[in-house]
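Every chain is numbered from 1, with letters handed out A, B, ... down the list of sequences.
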Number of protein chains: 2
Amino acid sequence: MTSQEVLMDPETTDDKSRVRLWLRLLRASRAIEGELRERLRTTFNVTLPRFDVMAALYREPDGMLMSQLSKYLMVSNGNVTGLIDRLTTDGLVQRTLRDGDRRTSVVLLTEAGRENFEIMAASHRAWVNELLSHFTTKESEVLAETLKVFASDWEGEAR
Amino acid sequence: MTSQEVLMDPETTDDKSRVRLWLRLLRASRAIEGELRERLRTTFNVTLPRFDVMAALYREPDGMLMSQLSKYLMVSNGNVTGLIDRLTTDGLVQRTLRDGDRRTSVVLLTEAGRENFEIMAASHRAWVNELLSHFTTKESEVLAETLKVFASDWEGEAR
DNA sequence: TTAAATTATTTCAAACATAAAATATCTAAG
DNA sequence: CTTAGATATTTTATGTTTGAAATAATTTAA
């Protein structure tokens, strides 16, 4: 027994299994993400980041601040600026200045953006269902509950 | 009961739970990935993609082909080219032409690259352990087994 | 009130990433 | 042997992403 081991909690001594779990988690999400990216591109000619932004905005009909989008999507502020710029150019999203705070701009989907997203969302939902078909509804619920801890651990923090 | 539902297997009818699972999976891996990215940057001044490449090469002392790296990391060929270019410039990686096939180049870590990686890997392992500390060793093993299906579903396919 | 600190967003440079096209090499059919 | 097709990699154009710095507006405190 090494000097390291005696200092460790037996439950946390063997860190190999957690590293393996992390690698599996990462590979699973990359595989699914890659497949969804590919299907969104070939079917709707849309990139995954753009779809993600539209999905976030669709859930909030009153719009979101740039900083809320950044936090929700877990990407940097500058990234959101560029994405919204391009989506605005394409008429899918608009910035409005209805606040008393002139630093902020409320971003929301245009009517074209909503229609566009609804069509894509139906396919997206079906694809996710297909790609996760290894899991029954019950298993999905259990697993989702297991993973709940993470989002909440960091969510709310700026990055 | 709608016309849709009668056509579906009862086990797969309710797709909401799978979509929720996907979103949780994605948020969990993004949160962990973001935290690791930040720590690698501030502690070792290295980017996550560079760490990932070095980790892949460390496992293969005899080196890997560009296409193997691309497949293993699930990123495009062009992306690997750029990463290896930059790592080569910094003396952490080298291309060798020891094959009878002049199209291919075998990439491997330099001695400096191996030393550099070993130092980072120790911290990385500890960080993963910390970030996944919600899971006991047993839970990690069970969960990793559950996620095993995915990687193998797509792995081996070119992207 | 005014200056300092804070907050929200954008800009910038560099790196990362994709997909398609180009290049170079190898393999195999004839 | 020649060449058509396949394979491995790089190049190119475009888009995504980060982190730091700059800008602009608001809030706080002296």
When rounded to the nearest 0.5 angstrom, what is the spacing between CG in A:Leu87 and CG in A:Leu109?
8.5 Å
With respect to the phosphate group of D:dT9, does any side-chain polar atom (N or O) of B:Ser67 fall under 4.0 Å of OP1 or OP2?
yes
Describe the nucleic acid contact of B:Asn79 in one word from base, sugar-phosphate, nothing, applying a heavy-atom distance below 4.0 Å.
base
Just to be sure I understand the rule, does B:Gly78 reach a base, reach only the sugar-phosphate, or reach nothing, if contact means heavy atoms closer than 4.0 Å?
base
Should A:Glu141 and B:Lys16 count as an ion pair when the cut-off is N to O under 4.0 Å?
no
In whole angstrom, give the distance that lies between atom CG of A:Leu83 and atom P of D:dT14.
18 Å
Touch check for A:Thr81, heavy atoms < 4.0 angstrom, all strands: base, sugar-phosphate only, or nothing?
base
Atom CG of A:Asp85 and atom P of C:dC12: how far apart are they, to the nearest Å?
12 Å
Might you point out which heavy atoms bring B:Met54 and B:Gly113 nearest each other, and give the distance in Å?
CE-O, 3.4 Å
What about A:Arg103: does its side chain form a donor-acceptor pair under 3.5 Å with the base of C:dT7?
yes
Where the side chain of B:Glu38 is concerned, which of C:dA8, D:dT10, D:dG19 is the nearest nucleotide?
D:dG19
A:Leu87 has an atom CG; how far is it from atom C1' of D:dT16, in whole Å?
12 Å
Rounded distance in Å - CE (A:Met74) to C1' (D:dT16):
17 Å
From CZ of A:Arg86 across to P of C:dT11 the rounded distance in Å is 12 Å
Taking only Lys NZ, Arg NE, NH1 and NH2, and the carboxylate oxygens of Asp or Glu, determine whether B:Arg30 and B:Glu33 approach each other closer than 4.0 Å.
no
Separation between CZ (A:Arg27) and CH2 (A:Trp22), nearest 0.5 Å, reads 12.5 Å
Nearest-nucleotide check on DNA chain C, A:Val106 vs B:Gly100; residue mapping nearer the 5' end is A:Val106
When A:Val80 and B:Arg102 are each assigned the nearest nucleotide of DNA chain C, the 5'-most assignment goes to A:Val80
For DNA chain C, the residues among residues 40-55 of chain B that have a non-hydrogen atom under 4.0 Å from it
B:Thr47, B:Pro49, B:Arg50
I would like to know whether A:Phe51 and A:Phe117 meet ring pair (Phe, Tyr, Trp, His ring centres under 6.0 Å); could you show each step before the answer?
CA-CA 8 Å; A:Phe51 179 85; A:Phe117 177 76; 5.3 Å; yes
To the nearest Å, give me how far apart CG (B:Leu97) and P (C:dA24) are.
15 Å
Starting at atom CD of B:Glu33, determine the distance to atom C1' of C:dC16, rounded to an integer number of angstrom.
12 Å
Side chain of A:Arg37 (C-beta onward), nearest among D:dT18, C:dT18, C:dT25:
C:dT18
Within 45 degrees of the axis of the six-membered ring of A:Phe135 and under 6.0 Å from its centre: does B:Arg18 put its NZ or CZ there?
no
Send over the distance from B:Asp101 CG to D:dA6 C1', rounded to a whole Å.
12 Å
Sugar-phosphate, base or nothing in reach of A:Gln68, heavy atoms under 4.0 Å
nothing
Atom pair CG/CD of A:Leu57 and A:Gln94 - distance to nearest 0.5 Å:
10.5 Å
On the nucleotide C:dA17, are OP1 or OP2 found under 4.0 Å from the side-chain N or O atoms that A:Arg30 carries?
no
Choose from C:dA8, D:dT16, C:dA17 the nucleotide whose nearest atom is closest to any side-chain atom of B:Ser76.
C:dA17
